[in-house]
Each structure stands twice: as structure tokens, then as C-alpha cells.
Student: 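Have a look at this one before I ask anything.
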Amino acid sequence: MGSADETLPTAGISHLLEHLALFGVGRPGDHANGLVDQTVTTFHTVGDPEQVTDFLAAVTRQLVQVPGHRLDAERGVIEAEQAGRSPGVSTSLHAWRFGAHSFGLAAQPQYGITRLGLEVIEAWAHRFATRDNAVLWLSGPPPAGLRLLLPEGGFQPPPDPRWSAMPDFPCWYPGLPGGVASLSVLPRAWAATALAHVLRSRLVDELRTLRAVAYSPDTDYQPLTGEFGRLIGFSDLVAERAVEGTEAFRTVLEQLAHAAPGEGGITEADLDEWRAALAQRHADAMMPLALAAHGAWETLFRRPVEDLAERQLQQARVTPEDVRELARTALDSALLAVPPDAQAPPTPWRRAPDSAGEPVPGRGRPHLDPGHPDARLVVIPQGLTLRLDGTAHLTARTASTAAVLRWPDGRRVVVAEDATHITVEPTLWRHGRAAVQTIDEYWPEELRIEMPARAPQEVPQPVWSWRLRRWWRVLSREWVLVWAAGVAGLAVVELSSGTPLTGARWAAMAGLLTVIGVTRSDMIRLRRI
Ligand SMILES: [Zn+2]
């Protein structure tokens, strides 16, 4: 059970359950704790056999009989915990690669924390906290009296990390200033950890030592499921040298995939260095515990557990060609975050679209601010599209929407599966309330996330100058001038001819002119398009 199993409206539910299961079980942080990652939730403790037995019994009991009286208190605790975290490059890469969906939820706010009720949490526990979905490991023999109070229940497979909101790879997007980073999804193999090691060495040699354009390039490889893992490479960049640093970073990725040994490609010496680093780690006193924890992880994902000898045998068999092949896979599936001041990478790199959905058809409503004359908001039952100028668009299709954030004052933020966020402020669009009504009517109810009320001064209002300029635009339209001139002309004709001015005749003539004017205005508008 982890964040990748959740949805945007339920994001954080595993975290909430983890806190509730640990409530009252020793002092938090002393010798026991819990951890939720993308696919696994871990409870761990250190103690004598009796303490361990008590801990496991208490945690598994509270996973099944969730201490609901503690729910509101833990909401606050988690909010405090979240407030201390700042989003990094990994957050941005996850949002672009996976959207607001499965593995991308690690990069989104945990909206479920403040709002999910006990029943939903209990149903979540019922689905995941079961015998076939859990593995226990111990550093010693099972103590007498060990009991796990988990019910029967099936294995819950994790989502497929190959899913992406991006249509094509390799692709890039403008990331944060001062750094460059890449993320790839790879099949799991020893060659993947070798690749992570070699990539780090190459980035340090090239960016820090040779060119001095960076301080601390690094890599991070993590298995996500039984079959796939993800590799992140990243580096800070010396200010003013982002262009050179970004190009060097990309060249290292490309050379590992395509260059011959000696020209930047992977060599036997690279792998010897990797094996030496592994041997050093194997000598660590904590290694047997790490192996046991890893074995539990593999068991959970239905993979064979390898002992140390077997692992070393597998590591010895890795060849430079294996790593090169994986480096090609990594390059072909790479998402690159480029600092805004760097150049766009050449083909085959493509610019990742800001919004992956096809725009919905329709002319749309204009923005009330005349400063955005081309902005249009199209809201139809199938989805909504926001255009800020003639070309770029943000789209959320109803069928692929991750969540709709709803404020009491009518503001809506529609979050598409690719993590595109579209804000609709009803006060800023012509007939904005009607747009909000369409959203409320056609977007599924289970996607709703109710947000706390805003202070009245936070609700944006069209300013007076906008209104005046809008009136001037209406008044200066051709048909209004034609209409006014027509009425004035008729009045002159009638007055000079001495015919009495009856109300009925005035109304008929004004009506006729209005019809002509409105038809004309439609024609004018159509011609402009
Ligand atoms: Zn926590």
C-alpha cells in the first residue's frame, strides 16, 4: 500500500492509516516508526522479543480496528509534518512524467488528509491490510507468542509505472533555474544499479572535475514494483553556465547509450569500480538487516529472494553491453528538466507539451480583462480548454480528470490526469457562473475536493478600468454606431417632415435597426475569425 495506489481526492489515505495504526504504540520516533512510500508501507521496531511481539500485535490490530477517535488529531499532525517539506527536482519530474496519477501522486498535495472520513479509511485498510498483502521480516527467530492479527485478503498489485501523460520520449521541459535533471523508467536488473553508478561517476567527472560547471551531480535508482524501477540523474549548475552544464549532462546520457568504450561509452573498468563499491557496502555491519528488508520487499512483489552469494554471482555476470542496452532504454524513455535559460535540446528530444489533452471544440467565453483580448475559456460537458493566446492551450477532458477543487465562492481548479491545473474564477470570465455550473454538472462527483472558504478580498474582481474599457469597446463597435446614426437620422427626417412621433413607430424602427445591427455584428465577428 502506497501513494501510487491512491487517487488525487484520496491522496494521503495510506499516510493517515499508517499514523492511526501507530497511535499509542510506544513513543513515536523512539524505537518504532512507520513509513509510506510509493508502493509499500513499512512498520518497524527494535526491541527484545516481547516488545517486538507487542508492537506487531498492536499495529496489526489497529490496522483492522482503526482508532477513529484519533482521526482529527492525526490530520493536524500530518499537516505539520507536510509543512516542513519543500518540493525538489524529483517532485517536478514526477509531476511531468506521471501526472496527477499513480506514481505522480507523490508530487501532489495530500488532499485526503483533511477531508476523508473514517469509513473510507476503514475500507482502504480492509483492502490493503491483509495477510496476502503483507510480509514480515525479523532479525532473529520468530518469538513465542508472535501474532499478526490480519484478515485474509488478496494481493493488491501496484500500478504500472510505464504509464505516462507524455506522448513521446525522449522529451524535455523548462524546469527550475540552477539545475538539470532526468528521469527514466527501466526494467529491473543488476545492470540498472550499475548504470546508476556509472552515470554518477561520469556526471561528477565531466561536470564537476573537468568543466567545473556543477558542485554535486548525483543519481538515484529506486525499484518501484517487481518489474520496474526509476532512475533519476540530477545536478546543480554554476550560475551563468547553465547552457554548457545542461549540454554536458545530456551528452553524458547520450554517450552512455551510444558511444564506444574509450569515447565515453561503458567499459569493463566502470563495472569493476561499481563492483568494488558494492563489495564495500556488503562489508557494512548493517548489511544483513538491509538484505532481510530487501528480501521482504521482493517477496511482497512475488520476486525470488537472492542471498548474498547469489547476488554477487549476478553482479559478476553483468557486462558492459548489458549496461549499454539499459542506458539506451533509459535514454529512449528519458524526461529531461532543462533550466529556463538553457537551449532547447536538439532532435530526437521533443518539447513535452504543457497539456497533453486534445483541446475541446468551441469558441469559448472571453476574459473580462481587455488586457487578455485573445484569452478564451471553453467549457463543454466533454471537457474544458483554456487558451491564453491564439495557440497555446491547457485542456482537461472530463473523462481524464484527476480532481475538481471547489471553493464556496465558485472558484474551481480542474486538475487533469497529466497534472495540468486549470483555474476558473467565475468573476473574471463573461458568464463565468455558467461555466462553473457546467463543471459542477458534468464532472463526476467522486472527483470533488471541497476547499476552505477564501476571504472576500482574495476573490478576484474585474477592476473599474476593465469595465470602462469594455464599455468603450462595446460602444465603439460598428453596429452601435450604425444604430445610433440611423436613429438620429430618422429623428431628423421625422421632425423636418412634420409627421407626429408615435411610440409605436419609434419602437418598430428601433427594432428594425437593432436586428440589422445584430446581424451585421455577427458578420463582422465572423469575418474577424
Ligand atoms: Zn507521517
Side-chain angles (χ1 to χ4, degrees), residues 3-14 38 91-92 94-116 120 124 159-167 173 335 352-365 367 375-388 392-426 428-429 431-452 454:
S3 62
D5 296 303
E6 301 167 352
T7 63
L8 194 51
T10 62
I13 189 170
S14 310
Q38 291 188 294
T91 305
S92 137
H94 274 79
W96 278 81
R97 174 62 175 72
F98 300 107
H101 180 268
S102 66
F103 292 92
L105 292 172
Q108 299 296 325
Q110 298 189 335
Y111 289 116
I113 298 292
T114 49
R115 49 185 288 275
L116 294 177
V120 185
W124 192 256
D160 189 338
R162 284 170 298 180
W163 187 91
S164 177
M166 290 297 121
Y173 69 93
L335 170 68
D354 288 320
S355 186
E358 276 286 301
V360 298
R363 238 174 33 188
R365 61 198 74 229
H367 200 274
R376 290 289 181 278
L377 177 69
V378 188
V379 186
I380 60 172
Q382 290 76 27
L384 85 165
T385 290
L386 173 68
R387 290 182 188 280
L388 288 175
H393 73 91
L394 297 175
T395 294
R397 292 269 173 177
T398 316
S400 54
T401 292
V404 179
L405 313 186
R406 291 156 44 97
W407 279 261
D409 58 60
R411 181 190 203 215
R412 300 287 180 266
V413 174
V414 180
V415 186
E417 249 180 8
D418 66 353
T420 298
H421 282 57
I422 305 177
T423 303
V424 178
E425 293 280 5
L428 298 186
W429 296 93
H431 307 308
R433 293 275 157 202
V436 167
Q437 266 172 22
T438 310
I439 293 169
D440 289 349
E441 193 171 335
Y442 290 100
W443 267 257
E445 243 183 271
E446 67 267 19
L447 300 181
R448 290 180 181 180
I449 298 174
E450 305 298 340
M451 303 299 284
R454 291 189 288 181

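Side chains are part of it too, since the values below use all heavy atoms of this structure and drop only hydrogens, waters and symmetry mates.
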Student: How far does NE2 of H367 sit from CG of L377, to the nearest 0.5 angstrom?
Tutor: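 Between H367 NE2 and L377 CG, I get 9.0 Å after rounding to 0.5 Å.
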Student: Looking at A100 and A402, what are the two nearest heavy atoms and their distance?
Tutor: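 Shortest heavy-atom contact: O-CB, 3.6 Å.
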Student: Any side-chain heavy atom of E358 sitting closer than 4.5 Å to one from R397?
Tutor: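 The answer is yes; the side chains approach within 4.5 Å.
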Student: Might you point out which heavy atoms bring P159 and A4 nearest each other, and give the distance in Å?
Tutor: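 Taking every non-hydrogen atom into account, CG-O, 3.4 Å.
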Student: Quick one: do L394 and D354 satisfy side-chain contact (heavy atoms from CB on, under 4.5 Å)? Show the steps, please.
Tutor: CA-CA 7 Å; L394 297 175; D354 288 320; 4.3 Å; yes
Student: So does W429 get a backbone contact from the side chain of H431, meaning a donor-acceptor N/O pair under 3.5 Å?
Tutor: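 Answer holds: no.
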Student: Can you check whether P381 reaches T398 side chain to side chain, under 4.5 Å on heavy atoms?
Tutor: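 No; the side chains remain at least 4.5 Å from each other.
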Student: So how far is it from L405 CG to E450 CD, rounded to the nearest 0.5 Å?
Tutor: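 So the CG of L405 and the CD of E450 are separated by 10.0 Å.
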Student: Could you tell me which non-hydrogen atom of A11 sits nearest to which non-hydrogen atom of P109, and how far apart they are?
Tutor: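 That would be CB-O, 3.8 Å.
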Student: Show the nearest heavy-atom pair for residues V378 and R363, with the distance to one decimal.
Tutor: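 So the two residues come closest at CG2-C, 4.3 Å.
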Student: Less than 4.5 Å apart, side chain to side chain, heavy atoms only: is that true for H101 and S400?
Tutor: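 No - every pair of side-chain heavy atoms lies 4.5 Å or more apart.
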Student: Calculate, to the nearest 0.5 Å, the distance between atoms OG1 and CD1 belonging to T385 and I422 respectively.
Tutor: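 Spacing of OG1 (T385) from CD1 (I422) equals 6.5 Å.
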Student: So, taking the atom named OG1 in T423 and the one named CH2 in W407, what distance separates them when rounded to the nearest 0.5 Å?
Tutor: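 Spacing of OG1 (T423) from CH2 (W407) equals 7.0 Å.
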Student: Provide the closest heavy-atom pair for A95 versus Q108 in the form atom of the first, atom of the second, distance.
Tutor: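 In this case the closest contact between A95 and Q108 is CB-NE2, 4.1 Å.
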Student: How far does CD of E425 sit from CZ of R411, to the nearest 0.5 angstrom?
Tutor: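 Those atoms lie 5.0 Å apart.
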Student: Taking the side chain as everything from C-beta on, heavy atoms only, tell me whether T10 gets closer than 4.5 Å to L116.
Tutor: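 T10 reaches L116 side chain to side chain.
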Student: What's the separation between atom CZ in F103 and atom CD in Q38, rounded to the nearest 0.5 Å?
Tutor: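 The CD atom of Q38 is 6.0 Å from CZ of F103, to the nearest 0.5 Å.
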Student: Whether the side chain of R97 engages the backbone of W163 through a donor-acceptor N/O pair (distance < 3.5 Å, no angle test) should be reported.
Tutor: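 Confirmed, R97 side chain pairs with W163 backbone.
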Student: Kindly list each side-chain donor-acceptor pair under 3.5 angstrom involving residues 437-445, sequence neighbours excluded, with atom names and distances?
Tutor:
{"from": "T438", "atom 1": "OG1", "to": "A434", "atom 2": "O", "distance (Å)": "2.9"}
{"from": "D440", "atom 1": "OD1", "to": "R406", "atom 2": "NH1", "distance (Å)": "3.1"}
{"from": "D440", "atom 1": "OD1", "to": "R412", "atom 2": "NE", "distance (Å)": "2.9"}
{"from": "D440", "atom 1": "OD2", "to": "R412", "atom 2": "NH2", "distance (Å)": "2.9"}
{"from": "W443", "atom 1": "NE1", "to": "T401", "atom 2": "OG1", "distance (Å)": "2.9"}

Student: Taking the six-membered ring for Trp, are W96 and Y173 parallel (under 30°), tilted (30 to 60°) or perpendicular (over 60°)?
Tutor: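 Taking Y173 first and then W96, their aromatic rings lie parallel (interplane angle under 30°).
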Student: Over all heavy atoms of both residues, which pair between I449 and A403 is shortest? Give the atoms and the distance, please.
Tutor: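 Looking at all heavy atoms of both residues, the closest pair is CD1-CB, 3.7 Å.
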Student: With a 4.5 Å heavy-atom cut-off, do S14 and E6 have their side chains touching?
Tutor: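 Yes. Closest side-chain heavy atoms under 4.5 Å.
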Student: So, R454 side chain and D409 main chain: donor-acceptor pair closer than 3.5 Å or not?
Tutor: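 No: the side chain of R454 does not pair with the backbone of D409.
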Student: Is a side-chain donor or acceptor of S355 paired with a backbone partner of T395 at a separation under 3.5 angstrom?
Tutor: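 Yes; at least one donor-acceptor contact below 3.5 Å.
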